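One structure is given here, and the rest of the page talks about it.
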Amino acid sequence: MGKVKTSVYVDEELWREFKELALREGSEVSKLLEEALMNYLINEVLRDIDDSEVPLWFEPLNVGGERSEKLLREMKDDREKRLLGQ
């Protein structure tokens, strides 16, 4: 995918803070700006989706309680065994 160079007008203080954020995170301003734009577009698409038209391919979990803690522990133990090759 190609890149495009563009110019935009942004509030000076907002731009300074954004550049400082990129520096603190060890990232490039362009990369963070692309991520922000992508997140905005994704949120717009998700907002337009009618939840009633999206089928669930799983049964929702009832989170919380002893049963959920036990299931989570089993999943973590299983993952650990797979990673260790057991």
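Since we're looking at a predicted model, the values are computed, not measured.
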- Task: Treating Ile, Leu, Val, Met, Phe, Trp and Tyr as nodes and any side-chain heavy-atom pair under 4.5 angstrom as an edge, say whether Val29 and Leu21 lie in one connected cluster.
- Result: yes
Can you list, pair by pair, the side-chain donor-acceptor contacts under 3.5 Å of residues 4-14, counting residues two or more places apart and other chains?
{"residue": "Asp11", "atom": "OD2", "partner": "Glu13", "partner atom": "N", "Å": "3.2"}
{"residue": "Asp11", "atom": "OD2", "partner": "Leu14", "partner atom": "N", "Å": "3.0"}
{"residue": "Glu13", "atom": "OE1", "partner": "Arg16", "partner atom": "NE", "Å": "3.4"}
{"residue": "Glu13", "atom": "OE1", "partner": "Arg16", "partner atom": "NH2", "Å": "3.3"}
{"residue": "Glu13", "atom": "OE2", "partner": "Arg16", "partner atom": "NH2", "Å": "2.4"}

- More than 12 heavy atoms of other residues, nucleotides or ligands under 6.0 Å from CD of Glu17: is that the case? yes
- Residues that Glu44 engages under salt bridge (charged side-chain N to carboxylate O under 4.0 Å, His left out), provided they are two or more places apart: Arg47
Can you give me every donor-acceptor pair (side chain of residues 30-42, partner residue at least two apart or in another chain, under 3.5 Å) with its distance?
{"residue": "Glu34", "atom": "OE1", "partner": "Lys3", "partner atom": "NZ", "Å": "3.3"}
{"residue": "Glu34", "atom": "OE2", "partner": "Lys3", "partner atom": "NZ", "Å": "2.8"}
{"residue": "Asn39", "atom": "ND2", "partner": "Glu35", "partner atom": "O", "Å": "3.3"}

Return all side-chain donor-acceptor pairs below 3.5 angstrom for residues 73-82, not counting sequence neighbours, or 'none' if the list is empty.
{"residue": "Arg73", "atom": "NE", "partner": "Asp77", "partner atom": "OD1", "Å": "3.2"}
{"residue": "Arg73", "atom": "NH2", "partner": "Asp77", "partner atom": "OD1", "Å": "3.3"}
{"residue": "Asp78", "atom": "OD2", "partner": "Arg82", "partner atom": "NH1", "Å": "2.7"}

